Every structure is written in structure tokens, then in C-alpha cells.
Amino acid sequence: MGTFGKDSHLHLIDGSAFIFRAYHALPPLTRKSDGLPIGAVSGFCNMLDRYVEGKTGDDAPTHIAVIFDKGSHTFRNDMYDLYKANREAMPEDLRPQMPLTRRATEAFNIACKELEGYEADDIIATLSCQARDAGGRVTIISSDKDLMQLVGNGVEMFDAMKNKRIDREGVFEKFGVYPEGVVDVQSLAGDSVDNVPGAPGIGVKTAALLINEYGSLEALLERAEEIKQPKRRQTLIDNRAQIELSKRLVALDCNTPLDFTLDDLEARQPVPETLLGFLAEMEFRTLTKRISDRFNVDAPVIADAPAAETPAAAPEFPTIAPDAYDCVRSLDDLDAWIAQAHETGWVAVDTETTGLNEMRADLVGISMAIVPGKACYIPLTHKTGNADDLFGSDELAEGQIPLQAALDRLKPLLEDPSVIKIGQNMKYDAKLLSRYGVEVAPIDDTMLMSYALHGGEHGHGMDLLAEKYLGHQTIPIKDLLGSGKSQITFDRVGIDDAVKYAAEDADVTLRLWHLFKPQLHQAKVTRVYETMERPLVPVLAKMEMSGIKVDRDTLSRMSNAFAQKMAGLEAEIHELAGASFNVGSPKQLGEILFDKMGLEGGKKGKTGAYATGADILEDLATEHELPRRVLDWRQLSKLKSTYTDALQEHINPETGRVHTSYVIAGANTGRLASTDPNLQNIPVRTEEGRRIREAFVSEPGKKLVSLDYSQIELRILAHVAGIDSLKQAFRDGEDIHAMTASEMFNVPLDQMTPEIRRQAKAINFGVIYGISGFGLARNLRIPRAEAQAFIDRYFERFPGIKTYMDDTIAFAKDNQRVETLFGRVIHTPEIAAKGPRAGFARRAAINAPIQGTAADIIRRAMIRMPDAIAKLPAKMLLQVHDELLFEVSDEAVDDLISVAKDVMEGAAHPVVHLDVPLVVDAGAGDNWAAAH
DNA sequence: CCTGTCACG
DNA sequence: GACGTACGTGACAGGG
């Protein structure tokens, strides 16, 4: 032993790869005693230990080293200054762990090597060459494709994560060429991660094809004129210098000047005291124990962490027993329940109906609960016959109180201001009962309580809440109704089954109410619930019931016109493709574009299908006529299927209007969502789409009035981040995007171009969304480095924004939540996640307080609106995040605008005094397009 | 039922 | 050196 020779086996561990794997695989652990981040070090040690221990017999190393990168500037940067310029900065909590991984390597008594100005890959290459020349074997522990050029002649790679050896065949699988061709393929294909340019439009597949055909890169470039495909030929000729540069960047250096020899890398046993000392210092309990046991020595003592807090006990309820519920079949029984509700002052209520659309469904029965465990169901319109009876019968089942008689008794209770009606999603029940002449009030809503308490943690459906907070599985509605084609409506459900299901819902709702009510105060969200959730229910119920008039003829005419245009486009597309296929199938389209027609740039997603999104087709449109036609076809298809066709189906035959339904507890940020139909995404951005808004009309003698907040999110950002220059600009009524552009690019306002302003606008929006170089680059279609430079300059000019972002993330990490200015809590359980999810969570955490504050403001305005406009002949119809749409008699348009504008502009008061004014723009017209 | 695509703020 | 990438939604069509 000692001298490296033909029986030697050198293992070279790619240290940086180990560290990053460890960092991304583990949660962000910190050292208990002082909070030092040590997750990556912990993972690194475990991987190192497991690797060394796992190698025995033929695989055991005689020589071993861990190789690290050193410094960020290497000789490759001298050749090409953009080399690896795309790399993201090292995460903050990883940086301090880098020196610790060197110490860990030394503690394991393994050689630890790095060299200024060279990448680890070059050291690995040099050592591999030396070992191979000495007749020994080499295993490179890495899965980095850049190292694959070294494989062969006794050199193999080993992917420690997948526990897979990579030999010549493995390299061929990855690159389509054997190791000696890898450099050539990489030179052509380039690498976006390392920013190796390569040849534009040529990927690994094409590159391998070319290298295999011509033998080598040099031969290929020499004989480029012979290539048949004109575009490919021109690319190779035009980019020769760039390809040759790429080759120099990609080729690893086997002559790195090293100040040590292979013999210095001889494998040594770790020294127990040294290794255990280091592990104990890091406070790795499990690993310290495992290695102590192996050495048969006592483990060093590591102080224990303080005990975790114990959660507060949940209130105790009797077991939920559906068999014990009452079925109310007589007026006397009903009166008894009503009397008890009056006496208690609250009652949980739930309605059962024939469908989910409150505007069309019929009432079937009502359930009530007043004390946990005691609940009743009042069947009202159940039909005879059962699920087996295909058509059932329209005759009422026996033993039910007549509908009207029951409602007459219930109405005084449901409208009694001194009795709280508790429901889960009360808007549904309130709307339904309103159609039967009952205006339910006052209400409490367990769904909204959960939303205020647990927004961002989970959904707020009753089944989920029962499971999570009561440990109870509710009876699934599927058990009663079935599903799919054979699904029945609730009035066909047997009354005995209905009692169990319906009364349970009321019981569960009451229990959740008892549980949540005191928690609102403890969690400091009482004001959120009381001022921004609960009072919104009747407001939305009224808007939804009002609906908006939609002109069927206008839609129908547009549908026909779209259909004609689409048919024309379809014919052209098939002609251009030389084949007939379904244009609406992304799968078929992808195959036509990339397989049949052979266009470049086909990328397959995880399902194996080519991506054919608008951005990709947009890029292809410069090369071929077909993608543009498909884009046009898609636009029309969308407009027709989602709007001009579907909206007609949503016109209520009784009212002649479209009634959307708002989801109050759907969006994590506090925004509303609109469903069935969604009236918050009616087209406006393109001329053709905008015309759909002409179908949304006012009644004769009335107008539609639209009022929308101008730049509300940017104003909120200026306020919360405390950016004086932005605040002043808003006070002065300046063009905020132009002002941003002027500040960033040093262009005077009077010399502003639309292009510069557009870029500044994209950055402003990016900031609200938790900007990233990648995202901005994609949005502006500019190189990532350029986008990053914009962001850097923006943060330089507006350092307060950067501080706000960092502070928000830090707050989210400390508290697992963020808050709006009005105290709405948005939980961020993913903020501690690792990997891509961490990025999502961080950006969502930055965005949530801004989007959420804007959502709070418009909610407050909506809640005040009914009183403010009570004396005007006007109705509030729709909300579209920053816009409210009204229908108002012609003569009152100006009054309405004046009143509603005041309400909206003053909606933050008195809870929050913004440093910037809120500005509302208004418009009026006979249709929504004209009002905008 | 899931995925891709695309409409909105 | 990597699993992915600007925030928040809902509806529709295709395809297994």
C-alpha cells in the first residue's frame, strides 16, 4: 500500500454536489444551542458516512478524496465572462455551512482538496487521468453530466442518490454518444444552467445525431456545407466561433497544477475522538450515537433541547350519534324546537335542497341543532319512491309538515334579531330561504370562522373541519345520492337516511361554532371576522340574487361568427400541416409540430407530451405560419366555448339574468372567487374578447356603472414598504410606471419611451409577485442576466422594497403566517419547505399582505355600500377584485358615482390611514364594455 | 379524474 | 449545483 498502482481504486467525491443534495433534501435544521444553520452539514456527514461504510470488497476505496470548488472566478471566466453567469446566489443559510463541510471531511480523515481558479471538475479530471495512467480504477461520486466525458478506461461514475453506476453505456443513454463524444455534443447543445452558448436551436438530441454522423465536432464544422436542413446548416456556419468557444468551456482540464499526488489520498480510518468531537460540536445526536456504537466508545454528551409546548385541550362534546337525532313530523314538535331556540338565543341551521345552485334548487328539508348531540331534521318535500325506482314519483311522501305551514312557523325564528342562526356557508341557505320569503338574520358562519382562524392552512369545507377539529367522519353525501349518471336528488332520499345526514350537519356545525367562537378572540381575528367576513354574507347574497342582464342574441351572433372563423382557420391549419388533426388537442398538435414537421424547440413535460402553450407557439410563429393560426384558433375557441356559448346556458330563465356565486373562503389572500359562471374573468385585454362585454347590459332606462381602484396594490406596496418617492408620486398623481422607469434608467419623464415604461411596469408588477430573475426574464423575453440586473438596480434605487421583502419572509418564518394591514391572517405552512416549494412559499408570502390588504379594502367598501346607496335607484351587481359594477337608473348615475366613489376611496378608514390616497376611476354606459 | 391551456385582476 | 420559477383565481377540452 501507499503507492498508487494497478490494484488501487480511487474514489473522488464531488463535494459541492453532496452539499447541494444535502441542502435540498433536508428541512432547514439549526443547531439547538445557538441556531446556527446546519442542515446541509448534517446531510453531508450522513452521506459521507454512509458512502464510506457502504463500500466493501472490490468497491472499497484504497484512495479517496472529497473535491470542492473554490472561488467563483475560474480560467473559464477569462475565456467567456458570462460563464455560469446564470447561477443564482447561494442561499443565505447555506453560505456559513460551506467551511463546516470542509471541517467535516477532515474529521472523517478524508483528504479534502480544492484549488483557487479551478473548478472541482478540473481537479477530478486531472486526478482521474493520473489514476488511469497509473493503471488503477476510479469511481467519481457525482451525477453531474459535465463529468461524463471522463468515463471509460477504468473510470466510472456513481450516482449516490440513485445508487446507480454510470459506465459508457450509461453515458450513451444520457447523451446519445459515448464519453469521447460528450464534449462535442455539449459544445453544440450548450447548457443554459452553466450559460454555455452552444449552437442556437440545437439540443442534445440533434447534436448527438450530428456527431454520430460526422464523427467529431471538427469534422462537422469542416463539412457544415453538406448539411441538408438549410436552417441547421446556416446555424452551424454562423455560430462557428461560439461553438468552438463552447468546446473550450466544456472540456475539462486534465493538467491542473496540483500540489499533491495520488499517494497523498490514501484512505485512512477516522480518529474516533476527532470525528466524534466534531459531530458533538454540531450537536448531531443520531449520527454521534451511531458512530460511537461502531467504534465501541461512549458517545459524547450533548445537552438536551427544551421540551416542546403542549397544545391546549379541546372542548369535550358527547359522541356524535346519528341514530339519536329527531325527525320532526308535526307542528307541535316543530314548535317545541322553535321555542327552545328562542330560549337559548342560537340555533344551528342547515337546509337540504335538490341541487347546488341556490337560484334554481328547491327546498327539501331543514335541520336544526341547539345543544351538541341533540339535533333534528324537518322533512318537507321528500317524494315517494327510492333510489331504485328510476323515475320515482312526484307524490309527496307521507308524514311531512306542509312546506308553507313549516315556513310560517320558522320565519319569525329565522328573522328574529335576538337569535343567532349558525350555519356552514350560510350564504347558500340565506339565498335559498330568501326565495321562500325568509330573510335569515343575524347569522354566524363556521366556514368563515375557520377562514379567519386558519386561512392558508387548509380548506374550510364542513367534512374537512369535522374530521380535523372534531375527529368525526361525516356521512358522505355520495352515500345518499350516489354519483354519476345514476345520481338522485335529495328529495328522493329516504327520510330515515335524510335525518341522519341532515341533522348531523347541523350538529357538527354547532360543535364547530362552540369550538371556533372563543378562538377568534384568542387568535386576534375577531375584528377580521366581525367586520370583513360575517357582514359580507348578506351583501353578496343580494348581489348574486340581483344578477346581471345578459343579452342572449348578442352572444349567439358572436358564437356563430366565431364558429365560421374557426372553421376557416382549421382548414388553413390542416393545409399547412399537410394532415388533418384535432387542433384542440395539445397532444396531437405537439406531434404535428415537432415530430411530423420537425420544428425545433419541442420540449416534453412530465407526461411525455410536448408543451404547446402560447409562449412556445409565439416563439415558433417566427419560423412558420401554422403556430400563429393555432394561436388565433385557440383564442376564438376559448371565447366561444367559455363565454359566448357557456354564458347563454347560465341565463336564468326566470330572471333573464346571469347569477354568479361568490366563494368567500376560497382564495387564501382574502380575495373572492366567482363561479358558475365565473364573472371575474370576462375578456377585456383583446379587442375581440372585449366585445363579449357588450352582451352584459343594463335594463332600459338604466346604466351600468363601473368603479375601479387605480393601482391599488402598488399604492399599498408604497405604504407598507414606506417608499417616500413612490408615495409622493402617488400623491402628485404621477404616472407611476413612467416614474419608476425614470428613476431606474435615468431617463427624464419627458423623454420616456413606451418600451422603457413597459419594462418598468413589468418590474413593478414583478415586485408585487415576489420577483425573480427567471420570472421577469420570461415575462419581458430578455436574458436572465439582464432581468437580474434590472432587479438589482430596482432594489438599489428602492432599498425599502428589498427590506420589506426580507422582513416579510423573516416574519413568515418566525410566525408561520403573514398579515394584512387589517389583521387578516394568512398562514404560510410551506415557508419552511425545501426545494421548489420554498420559492413558491416565499413569493406567496410576499404577495399575500399586498393582495390581501387590497382585498380587505374592497370588502370593507362593499359592506358599507348598501347603506350608502340605500336611497338611490341603484344596485351593486358584481365585484372583480378591484372593480365594483352597479346598475343604476339613468338620472342617478352621477349621484351613484359620487357616493360609491367616496365609499371606495375611504374604505380603509378608520382602521388604517394609508400614506397614499386611494383613487377610484368611474365610467358609465349601456353595457359593460361602454362602462369601462 | 387529471392535465394543459387560457380568461381575468 | 437542482426537483422549478412571478401572485391569486375558474372553466373548458382532451384523454386515459
Side-chain angles (χ1 to χ4, degrees), chain A residues 14-21 23-25 69 84 87-88 90-91 94 119-121 142-146 161 193-194 582-590 605-607 609-617 631 634-635 637-643 645-647 660 663 666-686 689 692 708-709 712-713 762-763 765-780 784 787 791 826 834-840 842-852 854-855 858 879-883:
Chain A
D14 182 348
S16 304
F18 256 45
I19 295 169
F20 278 94
R21 280 255 160 98
Y23 178 76
H24 289 292
D69 292 308
K84 297 208 173 180
R87 282 289 161 83
E88 273 192 34
M90 187 181 296
L94 179 54
E119 292 181 55
D121 290 359
S142 174
S143 55
D144 186 350
K145 58 185 180 348
D146 295 343
M161 290 302 278
V193 178
D194 290 349
N582 183 349
V583 183
S585 163
K587 184 168 173 280
Q588 294 181 31
L589 174 66
K606 50 190 164 214
T607 57
Y610 289 109
T612 65
D615 48 347
I616 290 174
L617 295 187
L631 284 168
R634 276 201 185 151
Q635 196 199 1
S637 164
K638 181 80 176 180
L639 295 178
K640 182 170 186 293
S641 71
T642 308
Y643 301 103
D645 285 352
L647 270 175
T660 184
V663 187
N668 282 338
T669 52
R671 272 195 179 180
L672 301 177
S674 161
T675 64
D676 306 303
N678 181 355
L679 295 186
Q680 290 180 323
N681 72 344
I682 304 301
V684 71
R685 290 176 189 173
T686 65
I692 290 173
D708 69 290
Y709 285 106
I712 186 166
E713 294 191 355
I763 295 167
F765 277 109
V767 166
I768 291 172
Y769 297 151
I771 201 157
S772 80
F774 185 95
L776 184 65
R778 199 175 59 169
N779 189 286
L780 285 177
R784 188 170 161 173
I791 295 170
I826 298 137
K834 278 285 144 196
R837 282 149 54 138
F840 279 116
R842 283 183 33 243
R843 294 191 293 268
I846 289 170
N847 175 256
I850 302 169
Q851 189 182 114
I858 197 164
Q879 188 250 42
V880 192
H881 309 307
D882 63 358
E883 170 188 6

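A, B, ... follow the sequence lines: proteins, then strands. Residue 1 opens every chain. For clarity, every value in this text was computed on a predicted model and none was experimentally measured.
Side-chain atoms of A:R843 and base atoms of C:dG8 include no donor and acceptor less than 3.5 Å apart. Below the 3.5 angstrom threshold, one finds a donor paired with an acceptor across the side chain of A:R671 and the base of B:dG9.
For A:S637 and C:dA13, the shortest distance from a side-chain N or O to OP1 or OP2 is not below 4.0 Å. OP1 or OP2 of B:dC8 sits under 4.0 Å from a side-chain N or O of A:R685. OP1 or OP2 of B:dC6 lies within a sub-4.0 Å distance of a side-chain N or O belonging to A:R634. Contact annotation: A:Q879 does not reach the phosphate of B:dG9 (side-chain N/O to OP1 or OP2, under 4.0 Å).
Closest approach to the A:H881 side chain among C:dG15, B:dG9, C:dC7 is made by B:dG9 (side chain taken as heavy atoms from C-beta onward). Checked against C:dA11, C:dG16, C:dG1, the side chain of A:K638 finds its nearest nucleotide in C:dA11.
Nucleotide C:dG4 holds its P atom 22 Å from the CD1 atom of A:I771, rounded to whole Å. Atom CG in A:L589 sits roughly 11 Å away from atom P in C:dG15 (whole-Å rounding). Nucleotide C:dG1 holds its C1' atom 10 Å from the CG atom of A:D121, rounded to whole Å. For the pair A:Y610 OH and B:dG4 C1', the computed distance is 17 Å after rounding to whole Å. The CG atom of A:N847 sits 12 Å away from the C1' atom of C:dT9 (whole-angstrom rounding).
B:dT3 and C:dT5 have their P atoms separated by 14 Å, with the value rounded to a whole Å. Only the P atoms considered, B:dG4 is 12 Å distant from C:dG4, to the nearest whole Å.
Within the nucleic acid shown, A:T612 comes within 4.0 Å of sugar-phosphate atoms alone, with no base atom in reach, counting heavy atoms only. Within 4.0 Å of A:G770, counting heavy atoms only, lies no atom of the nucleic acid at all. When heavy atoms are screened at a 4.0 angstrom cut-off, A:E713 is found touching no nucleic acid atom at all. Counting non-hydrogen atoms under 4.0 angstrom, A:S772 reaches a base of the nucleic acid. Looking at heavy-atom distances under 4.0 Å, A:G766 makes contact with a base. As judged by a 4.0 angstrom heavy-atom cut-off over every strand, A:E883 is placed among residues making no nucleic acid contact. Nucleic acid contact for A:V684: sugar-phosphate only, since backbone atoms but no base atoms lie under 4.0 Å from a heavy atom of the residue. Counting any heavy atom pair closer than 4.0 Å across all strands shown, A:F765 reaches no nucleic acid atom. Among the protein residues, A:A762 comes within range of the nucleic acid bases, having at least one heavy atom under 4.0 Å from a base atom. Residue A:A854 is classed as having no contact, given no heavy-atom separation below 4.0 Å to the nucleic acid. Residue contacts shown for A:N779 include a base, since a base heavy atom lies under 4.0 Å away. Within the 4.0 angstrom heavy-atom criterion, no nucleotide atom of any strand lies near A:D708.
Two residues are said to be in side-chain contact when any heavy atoms from C-beta on lie closer than 4.5 Å; A:R634 and A:L617 meet this criterion. Taking 4.5 Å as the limit, some side-chain heavy atom of A:N681 sits within range of a side-chain heavy atom of A:Y643.
In this structure, the separation between CG on A:L679 and CG on A:L647 is 6.5 Å, given to the nearest 0.5 Å. Rounding to the nearest 0.5 Å places NZ of A:K640 at 11.5 Å from CD1 of A:I692.
A:F840 carries A:R843 over the face of its six-membered ring, with the cationic atom under 6.0 Å from the centre and within 45° of the normal.
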Begin with the C-alpha distance, continue with both residues' side-chain angles, and end with the deciding distance and a verdict on side chain to side chain contact (heavy atoms under 4.5 Å, CB included) for A:K834 and A:Y23. CA-CA 8 Å; A:K834 278 285 144 196; A:Y23 178 76; 3.2 Å; yes
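Checking side-chain atoms of A:D69 against main-chain N and O of A:A120 turns up a donor-acceptor pair under 3.5 Å. Using modelled atom types, one side-chain atom of A:N847 and one backbone atom of A:I768 make a donor-acceptor pair closer than 3.5 Å.
Residues from residues 676-683 of chain A that place a heavy atom under 4.0 Å from any atom of DNA chain B, listed by number: A:Q680, A:N681, A:I682, A:P683.
C:dA2 is unpaired under the criterion used here, namely a Watson-Crick or G-U wobble arrangement in which both key atom distances are under 3.5 Å.
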